[in-house]
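Written below as structure tokens is the structure these notes are about.
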4 protein chains.
Amino acid sequence: MMIKINLQSDVPLYTQLTNQIIEGIASGALARGEALPSVRSLSSDLGINMHTVNKAYSALKQEGYVEIHRQKGVVVQNSLPEADDAYYRQLEEKVRPIISESICHNVSEDALLELCRSIFKQIRSSGKAT
Amino acid sequence: MMIKINLQSDVPLYTQLTNQIIEGIASGALARGEALPSVRSLSSDLGINMHTVNKAYSALKQEGYVEIHRQKGVVVQNSLPEADDAYYRQLEEKVRPIISESICHNVSEDALLELCRSIFKQIRSSGKAT
Amino acid sequence: MMIKINLQSDVPLYTQLTNQIIEGIASGALARGEALPSVRSLSSDLGINMHTVNKAYSALKQEGYVEIHRQKGVVVQNSLPEADDAYYRQLEEKVRPIISESICHNVSEDALLELCRSIFKQIRSSGKAT
Amino acid sequence: MMIKINLQSDVPLYTQLTNQIIEGIASGALARGEALPSVRSLSSDLGINMHTVNKAYSALKQEGYVEIHRQKGVVVQNSLPEADDAYYRQLEEKVRPIISESICHNVSEDALLELCRSIFKQIRSSGKAT
DNA sequence: GTGGTCTAGACCACA
DNA sequence: GTGGTCTAGACCACG
């Protein structure tokens, strides 16, 4: 799986990492039970600090995406967290300002839904490709 | 228009402010040309610092939502910025990680689209209510 | 002489006023010894506060462009201030940051000089027209 | 690069800062990709407040002169913004009142152009010197 | 009265 | 160590 880091972005590096790993899990590029690269190797591959990779992995563990396996290292959880009420609440909180902005920029409801659909399709197909 | 600030949230105060004001504009609760409360009055109403409100207003000005009118204070722009390619790119960048997460949490495409629709409806109706 | 005020501009109203009156004097549209409109009439014409017009006139007097005549009101000075060393120093201070910016924006020396020439021509011809 | 702040000037401190940094970039004294001093070190060097420096840096970022690099701090942009129509319009707006004033002070067109040329030369040579 | 600027000092997120 | 955020309180320019 390819991970790309943008040093100029105002998105924190560890967030970029977690986002892309989560997308990998979503697409199936990273299978359940599969091991992630070691902190050391990933950090040197990306040319970033070990602490940063570590923080990303900790965040993923915290949110239930991965677990620390004694010998295999960091592996993708077999049973991913199911969406509950709290998750939906927090999801709405994230989506709401995006929709507000879109309305102000004259993006129609249909256009936004279509964008979502295309991203869904894109993520699913990227998994098969890998 | 009611504005609520959550001091516990990890979302910066000035971002909470801008988000809610943008939602107000989107819903129509804040009409084009309407004046926003003064920096000082809003800050004392919310019990936060003047500079925090100022930063929110500056950000809104910067993104083209309001203009600083010399006499009337801060007013909503008459012509809001239209979505262009750059906007769509940045929009996709925001939506993509949300969708990845949703997939991992077993939220179906339909469920997410439905959520979007309901938020759209909610924002539109909140404007009429006010 | 037509004066146009832009309420949205971040340039203070009284500065817009003084600038345009100075341009009027430079172009000859306002002759030496000619009277400016009264504070009251100008402010009501432009729909701005009397204080603002007053401040503009005071600034003009302060810089030697006009004098307060007992009966004619505010009139253009017959002998305008001559450029001295202090003026040149202050002139350079204003021009320097403009040139720095221009260089960074890849505006050639010739392009900037040409712009200056065209503005000179424009101001001179606008005087004849009036 | 030497930066001098004039506390007496009516030009805001952060504007003085941005102007001098832009001149540094224009002259080449600050190379593309070069790092600027940290907010804190510069502020303590100049004896001014951290936030003032911060505001200057933010303005420079906003106008495309620098980018905030997560690790290196603030660095000069590699590709500076190119002048477009909007820039020329705003440039003319800045130059016009200066020329009006100059005419009133009996500064000839040639004298002003000569001043511009000498500033151009001065900025270019100051870069080599450093 | 408005926003704009500056100061001083604090805590946190990031790398 | 960096910049980002928030607070508190001051003065000034503007209209």
Side-chain angles (χ1 to χ4, degrees), chain A residues 5 7 9-17 43 46-56 59, chain B residues 5 7 9-17 35-44 46-59 61 66-75, chain C residues 5 7 9-17 43 46-56 59, chain D residues 5 7 9-17 35-44 46-59 61 66-75:
Chain A
I5 291 297
L7 293 172
S9 166
D10 54 347
V11 178
L13 297 189
Y14 84 92
T15 304
Q16 294 184 41
L17 261 180
S43 64
L46 299 174
I48 62 180
N49 198 300
M50 272 176 49
H51 294 3
T52 308
V53 177
N54 221 324
K55 182 158 191 177
Chain B
I5 289 298
L7 294 172
S9 166
D10 56 343
V11 179
L13 299 185
Y14 82 90
T15 305
Q16 295 183 41
L17 259 180
L36 268 54
S38 81
V39 172
R40 280 172 178 77
S41 71
L42 184 53
S43 65
S44 81
L46 298 174
I48 62 178
N49 191 281
M50 192 197 81
H51 290 112
T52 309
V53 177
N54 207 330
K55 185 160 187 176
Y57 280 5
S58 301
K61 176 190 171 190
V66 304
E67 56 190 31
I68 310 294
H69 210 284
R70 215 154 269 290
Q71 14 203 216
K72 294 186 236 164
V74 179
V75 302
Chain C
I5 291 297
L7 292 172
S9 166
D10 54 346
V11 178
L13 297 189
Y14 84 91
T15 305
Q16 294 183 41
L17 262 179
S43 64
L46 298 174
I48 62 180
N49 198 298
M50 273 177 46
H51 294 2
T52 309
V53 177
N54 221 323
K55 182 158 189 177
Chain D
I5 290 297
L7 294 172
S9 166
D10 56 344
V11 178
L13 298 186
Y14 82 91
T15 304
Q16 295 184 39
L17 259 179
L36 268 54
S38 81
V39 172
R40 281 171 178 76
S41 70
L42 183 54
S43 64
S44 80
L46 298 175
I48 63 178
N49 191 280
M50 195 197 78
H51 290 112
T52 308
V53 177
N54 208 331
K55 183 159 189 178
Y57 279 6
S58 301
K61 177 191 172 190
V66 303
E67 58 189 32
I68 310 292
H69 210 283
R70 216 156 266 292
Q71 14 202 217
K72 293 185 235 164
V74 179
V75 302

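Chain identifiers are assigned alphabetically (A, B, ...) following the order of the sequence lines, protein sequences preceding nucleic acid strands; residue numbering begins at 1 within each chain.
Using a 4.0 Å heavy-atom criterion, one finds that D/K72 contacts no nucleic acid atom at all. Looking at heavy-atom distances under 4.0 Å, C/I48 makes no contact with the nucleic acid at all.
Heavy-atom neighbours of B/H69 NE2 from other residues, nucleotides or ligands within 6.0 Å: above the threshold of 12.
Nearest-nucleotide assignment on DNA chain E puts the 5′-proximal partner with B/N54, out of D/N49 and B/N54. Nucleotides of DNA chain E nearest to B/H69 and D/P12 differ in position, and the one nearer the 5' end is that of B/H69. Heavy-atom nearest nucleotides on DNA chain F were determined for C/T15 and for B/T52, and the one closer to the 5' end corresponds to B/T52. Toward the 5' end of DNA chain F, the nearer of the two residues B/L13 and D/P37, judged by each one's closest nucleotide, is D/P37.
Atom CG of A/L17 is separated from atom P of E/dC14 by 13 Å (rounded to the nearest Å).
Heavy atoms only, all atoms of each residue included: B/P37 and B/L42 are closest at CB-CB, 4.1 Å. Here the closest heavy-atom approach between residue B/Y14 and residue B/T52 is recorded as CB-O, 3.6 Å. Residue C/M50 comes nearest to C/S43 through the heavy atom pair CG-OG, 3.3 Å, listed as atom of the first residue, atom of the second, then distance. The minimum heavy-atom distance between B/K61 and B/I68, with the atom names listed, is CD-CG1, 3.5 Å. Across every non-hydrogen atom of B/L17 and B/I5, the tightest pair is CG-CD1, 4.1 Å. Across all non-hydrogen atoms, the minimal contact from A/V11 to A/Q16 is O-NE2, 2.9 Å.
Helical stems of DNA chain E (runs of at least 3 Watson-Crick or G-U pairs, donor-acceptor distances under 3.5 Å) are listed by first residue: E:1-14 with F:1-14.
Proximity of A/Y14 to the phosphate of E/dA15: no side-chain N or O atom is located under 4.0 Å from OP1 or OP2.
One distance of note links OG of D/S38 with NZ of D/K72; it measures 16.0 Å at 0.5 Å rounding. Considering NZ of C/K55 and CG of C/N49, their distance stands at 11.5 Å, rounded to 0.5 Å.
A nucleotide of DNA chain F counts as in contact with chain C when one of its atoms lies under 4.0 Å from a heavy atom; the first and last such, 5' to 3', are F/dC14 to F/dG15.
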